[in-house]
Structure formats: C-alpha cells, structure tokens
Amino acid sequence: MFASTSKPTSAGITNGLIAENNCTNPDLGTTLLEALNRMRLNQEHCDFSLQVDDETIFVHKWLLVAASPYFEAMLRNDMKEKVQGTAELIDVDAFAVKAVIEYIYTGSIQVTESNALSLLSAADLLQIDWVKEQCCQLLKRVLNPTNCFSLQRYADMHSCDVLYDDCHKYILENFQQLTNTEEWLLLCFDEIEKLMKDDNCG
C-alpha cells in the first residue's frame, strides 16, 4: 500500500467534534504598556508633549485620551493644543504631573505624606480618579489637630467629598482639643459658629 500524501483536515483530527478554546493572554496589557513606556522614555513615536514649569514631558496622544477625560476633551476637539501638539499645564507641580503620567503608562504610583497634596492636585486636574482616591485615603490616615482644617479646605477645593466628610467628623470628635491650635485661630467667625451649632460637636 502507498502512504497517503493528503494532509489531515481539522474535521479529521477532531473526528467531527466541535472544538473551541477562547484564549486570553492576561499579560498582554502589561506587555503593551511596558513597551509604550520604553518608547516614551526613549522619546520614540511620541506625538504630543506637556509643558510644566521649565520641563517638557513627551507622551503618546492616544494613550492620554484613553486614560484621562481631561485630555480626551482637549484632544478630541479642535483646541489649540491639538493643533500645536503641546499643552501647557499651569499652577501644578511638575513632579506630580510626571508621577501621574508615569502611572498612566505603568499603573503604579508612590503616594507619600510629603507628595500626597501635590499628587491630588495633579490627579484632580487631569481627572485621574484612582490616583486621587489613593491620595485621599493616605491623607485620611494622617489627619491630626495641626492639619485637619487645612485638609478639609483642600478637600473642598478639589471636590473630595469623602475626605471632606472625614475631616469634618474628626473636627467634631476633637473639638475641645482643636480650640487650642493655631489652625483654630485662623478660622473665620462663620466657620466657628457653624461648628458650634453642629449637633455632633463634641
């Protein structure tokens, strides 16, 4: 007998059974971001830049659009930044902006007591809610009599409702102790009156 030279068909291999395997590579997203971050660091294929103070941060426009509603609104419309290929960010710390951009490319960011306020400001501007939430959680843990009023004002400024409520609760629970602090002396009359009229004031 002669050996068959025909190639096996998929039907022959499976004996008529319907085989299906939906495959997902869990590492693909990380691999792609790592490659993009390397390109960013090497300034390869970057099509947009951010000007912060005296620093220039080179980025990939489409990734900013995907990660940030702030950049999505800027770059989907015919604003001057889209035409010029650059955007100037003012009243925000350059280190904080670089850290948030690094987060967009890596999914990782280091939040500390010393940088939480500047990161919160940058994340609020760029509308990166997850980073903003991490900053608020850390600031809640470091609440004390010397910073509770200023942190509450900062939370109000950046629409951090949970942190604002946490500060308010802390102030009410420690009301008597706080009347001897420097921050208390900086409060206006209306703020003091509002606190004293609160039913939960301790």
Side-chain angles (χ1 to χ4, degrees), residues 29-76 79-164 166-167 170 182-183 186:
T30 300
T31 302
L32 290 175
L33 281 177
E34 288 176 348
L36 277 171
N37 196 39
R38 285 194 299 270
M39 286 190 285
R40 175 183 70 90
L41 295 174
N42 294 326
Q43 297 181 24
E44 296 175 353
H45 306 295
C46 295
D47 55 359
F48 199 71
S49 66
L50 306 175
Q51 302 292 330
V52 192
D53 296 333
D54 295 327
E55 298 197 45
T56 302
I57 306 170
F58 294 96
V59 292
H60 299 92
K61 185 163 50 181
W62 69 267
L63 184 57
L64 295 191
V65 170
S68 165
Y70 174 86
F71 287 116
E72 180 182 20
M74 176 189 293
L75 298 173
R76 282 193 183 278
M79 299 180 68
K80 66 176 183 178
E81 290 84 358
K82 179 179 180 180
V83 176
Q84 296 174 352
T86 186
E88 182 180 8
L89 304 180
I90 59 176
D91 297 329
V92 66
D93 180 71
F95 170 83
V97 172
K98 288 192 291 185
V100 173
I101 295 299
E102 182 88 10
Y103 161 75
I104 290 175
Y105 277 83
T106 66
S108 177
I109 192 168
Q110 184 178 39
V111 182
T112 67
E113 189 173 352
S114 61
N115 71 13
L117 290 178
S118 60
L119 284 179
L120 174 57
S121 179
D124 184 45
L125 172 67
L126 304 180
Q127 299 177 40
I128 307 296
D129 291 339
W130 188 86
V131 172
K132 186 176 174 180
E133 182 181 345
Q134 305 314 304
C135 294
C136 289
Q137 289 181 7
L138 183 139
L139 291 170
K140 176 184 177 181
R141 296 200 300 270
V142 300
L143 269 174
N144 63 62
T146 66
N147 67 19
C148 55
F149 289 109
S150 58
L151 284 182
Q152 187 180 41
R153 285 190 290 271
Y154 207 82
D156 187 37
M157 184 188 310
H158 294 288
S159 302
C160 302
D161 296 338
V162 175
L163 179 60
Y164 181 92
D166 289 334
C167 291
Y170 179 90
E182 183 177 350
E183 282 212 326
L186 297 176

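None of the values given here were measured: they were computed from a predicted structure.
- Residues Glu55 and Lys98 have side chains in contact (heavy-atom distance under 4.5 Å, counting atoms from C-beta outward).
- Evaluation of the side chain to side chain donor-acceptor pair (under 3.5 Å) test over residues 110-122, restricted to residues two or more places apart or in two chains, returns Thr112-Ser114, Thr112-Asn115.
- Considering only heavy atoms from C-beta on, Ile109 comes within 4.5 Å of Trp130 through its side chain.
- Under the side chain to side chain donor-acceptor pair (under 3.5 Å) criterion, Thr30 pairs with no residue, sequence neighbours left out.
- The shortest side-chain heavy-atom distance between Phe48 and Met74 falls under the 4.5 Å cut-off.
- Arg141 pairs by the salt bridge (Lys or Arg N to Asp or Glu O under 4.0 Å) definition with nothing, not counting sequence neighbours.
- Atom CD1 of Ile128 is separated from atom CG of Leu120 by 13.0 Å, given to the nearest 0.5 angstrom.
- Here the closest heavy-atom approach between residue Val52 and residue Asp93 is recorded as CG1-C, 4.2 Å.
- Under the rule for a salt bridge (Lys or Arg N to Asp or Glu O under 4.0 Å), the partners of Lys140 that lie at least two apart in sequence or sit in another chain are Asp166.
- Expressed to the nearest 0.5 Å, how far CG of Asp124 lies from CE of Met157 amounts to 10.0 Å.
- Ala73 and Met79 get closest at one heavy-atom pair: O-SD, 3.9 Å.
- Smallest separation of non-hydrogen atoms from Asn144 and Asn147: N-OD1, 2.9 Å.
- In this structure, Cys136 SG and Asp161 CG are separated by 9.5 Å, a value rounded to the nearest 0.5 Å.
- When all heavy atoms of Cys148 and Tyr170 are compared, the closest pair comes out as CB-CD2, 3.7 Å.
- Residues in residues 52-76 take part in these ring pair (Phe, Tyr, Trp, His ring centres under 6.0 Å) pairs, two or more places apart or across chains: His60-Tyr105.
- Taking each heavy atom of Ala116 and Cys135 in turn, the nearest pair found is O-SG, 3.7 Å.
- For Thr86, the side chain to side chain donor-acceptor pair (under 3.5 Å) partners are Ser49, not counting sequence neighbours.
- Interatomic distance, Arg40 CZ to Glu102 CD, rounded to the nearest 0.5 Å: 4.5 Å.
- The minimum heavy-atom distance linking Lys132 with Ala123 is given by the pair N-CB, 3.8 Å.
- Residue Asn37 is tested with Ile104, Thr106, Leu63, Leu32 for a side-chain contact (heavy atoms from CB on, under 4.5 Å); the sole match is Thr106.
- Summarising the geometry, atom NZ belonging to Lys80 is positioned 8.0 Å from atom CD belonging to Glu88; distances are rounded to the nearest 0.5 Å.
- Atom-to-atom distance recorded for Leu117:CG and Leu138:CG is 9.5 Å, nearest 0.5 angstrom.
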